[in-house]
Amino acid sequence: TTVEEVALQDYQTMVKARGVVRPHNEVTLNAEVSGKIRAILPGFEDGAYFGKDEVLVELDDADYKTALLAAEAQQARAQATFAQEEARAKQARLNWEDLGYDEEPNDLVLRLPQLREAAANVKAAEAQWQRAQRDLERTRIRAPFDGRVRMRSVGQGQSVGTGTALGTIFA
């Protein structure tokens with residue numbers, strides 16, 4: 001048996017292949033609400049890395065905060081109106097019974113249409129509040145996954161609309 005000492009050296013390996021290297025996810029980041037760009041965070045620069053749910057862009061949220069307050073006020077008014085209609089409906093039932101009628105009163109006497117309308121207004125006000133809350137949250141544009149910025153296409157102070165392309169990101 002012979003033993004030979006092997007010297008450590010670099011050796012170039014050639015691999016012949018064809019194909020296209022593409023990221024798993026590549027998307028155009030869009031604004032879901034309109035507004036003026038208040039801040040572009042460091043994770044949203046060309047070539048920068050970012051983490052999932054990291055805020056990349058912040059829009060001015062003053063109008064959205066005001067809309068949320070208005071929706072809260074509308075919700076309170078709708079709930080107050082519903083409570084009043086509920087009390088009127090109960091009182092209408094008591095009045096009917098105090099008058100001594102034997103037959104069942106109709107819906108109008110019991111104010112049921114007004115009560116249903118007030119209940120519907122409460123639901124509509126709740127939906128309006130939820131939308132205002134979502135719109136306020138959407139002023140902070142977050143990364144949908146861990147990744148890197150291919151190209152940013154907006155600048156600080158720029159006004160953007162719903163659907164405006166802010167840049168391209170990939171994972």
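The structure presented is a predicted model; accordingly, all values stated were derived computationally and were not measured.
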| said: Side-chain heavy atoms nearer than 4.5 Å, only ILVMFWY residues, links allowed to pass through others: does that put V33 and V154 together? | reply: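 Same cluster.
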Among the clusters formed by ILVMFWY side chains lying less than 4.5 Å apart, do L115 and L108 turn up in the same one?
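The answer is no; the residues belong to distinct hydrophobic clusters.
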Name all pairs fulfilling the salt bridge (charged side-chain N to carboxylate O under 4.0 Å, His left out) condition that reach into [range], sequence neighbours left out, sorted by first residue then second.
range: residues 68-89; value: E85-R88, E85-R111
range: residues 1-18; value: none
range: residues 148-170; value: E26-R150, E45-R152

For residues 31-67, which residue pairs pass the ring pair (Phe, Tyr, Trp, His ring centres under 6.0 Å) check, not counting sequence neighbours?
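Passing the test, one end in residues 31-67: no pairs.
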For this session: Provide the full list of ring pair (Phe, Tyr, Trp, His ring centres under 6.0 Å) pairs with a residue in residues 107-135, sequence neighbours left out, each pair given once.
Result: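 Residue pairs with at least one partner in residues 107-135: there are none.
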Taking all atoms of both residues into account, what is the closest heavy-atom pair of [X] and [Y], and its distance?
X: A62; Y: D60; result: N-OD1, 3.4 Å
X: Q156; Y: R38; result: NE2-O, 2.9 Å
X: V57; Y: L41; result: N-CD1, 4.2 Å
X: L110; Y: A92; result: CA-CB, 4.2 Å
X: G51; Y: A143; result: O-CB, 3.4 Å
X: K52; Y: D146; result: N-OD1, 2.5 Å

Among residues at least two apart in sequence or on other chains, which ones pass ring-ring contact (aromatic ring centres under 6.0 Å, His included) with Y101?
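Y101: ring-ring contact (aromatic ring centres under 6.0 Å, His included) contacts with W96.
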Self-check item: Distance, nearest 0.5 Å, that separates CG of D61 from OG1 of T66
Solution: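 Rounded to the nearest 0.5 Å, the CG-OG1 separation comes to 9.0 Å.
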*Please round to the nearest 0.5 Å and tell me the distance separating atom CD1 of I40 and atom CG of L56.*
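Going from the CD1 atom of I40 to the CG atom of L56 covers 10.0 Å.
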In the hydrophobic cluster built from side-chain contacts under 4.5 Å, what are the other members alongside V3?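 Taking Ile, Leu, Val, Met, Phe, Trp and Tyr as members, V3 stands alone, with no cluster partners.
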Show which side-chain atoms of residues 116-126 pair as donor or acceptor with protein atoms under 3.5 Å away, not counting sequence neighbours.
residue, atom, partner, partner atom, Å
N121, ND2, E117, O, 3.4
E126, OE1, Q75, NE2, 2.3
E126, OE2, Q130, NE2, 3.0

Kindly list each side-chain donor-acceptor pair under 3.5 angstrom involving residues 161-171, sequence neighbours excluded, with atom names and distances?
residue, atom, partner, partner atom, Å
T164, OG1, G161, N, 2.8
T164, OG1, G161, O, 2.8

Set of residues satisfying salt bridge (charged side-chain N to carboxylate O under 4.0 Å, His left out) with respect to E103, sequence neighbours excluded
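Salt bridge (charged side-chain N to carboxylate O under 4.0 Å, His left out) list for E103, sorted by chain: empty.
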| For E54, what residues pass the side-chain hydrogen bond (donor to acceptor under 3.5 Å, both in side chains) criterion, not counting sequence neighbours? |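 E54 satisfies side-chain hydrogen bond (donor to acceptor under 3.5 Å, both in side chains) with no residue once adjacent residues are dropped.
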For residues 131-142, run the donor-acceptor check on the side chains, cut-off 3.5 Å, and write out each pair with its distance to 0.1 Å, sequence neighbours left out.
residue, atom, partner, partner atom, Å
E137, OE2, R142, NE, 3.2
E137, OE2, R142, NH2, 3.4
R138, NE, E32, OE1, 3.4
T139, OG1, L136, O, 2.6
R140, NH1, E58, OE2, 2.9
R142, NH1, D53, O, 3.1

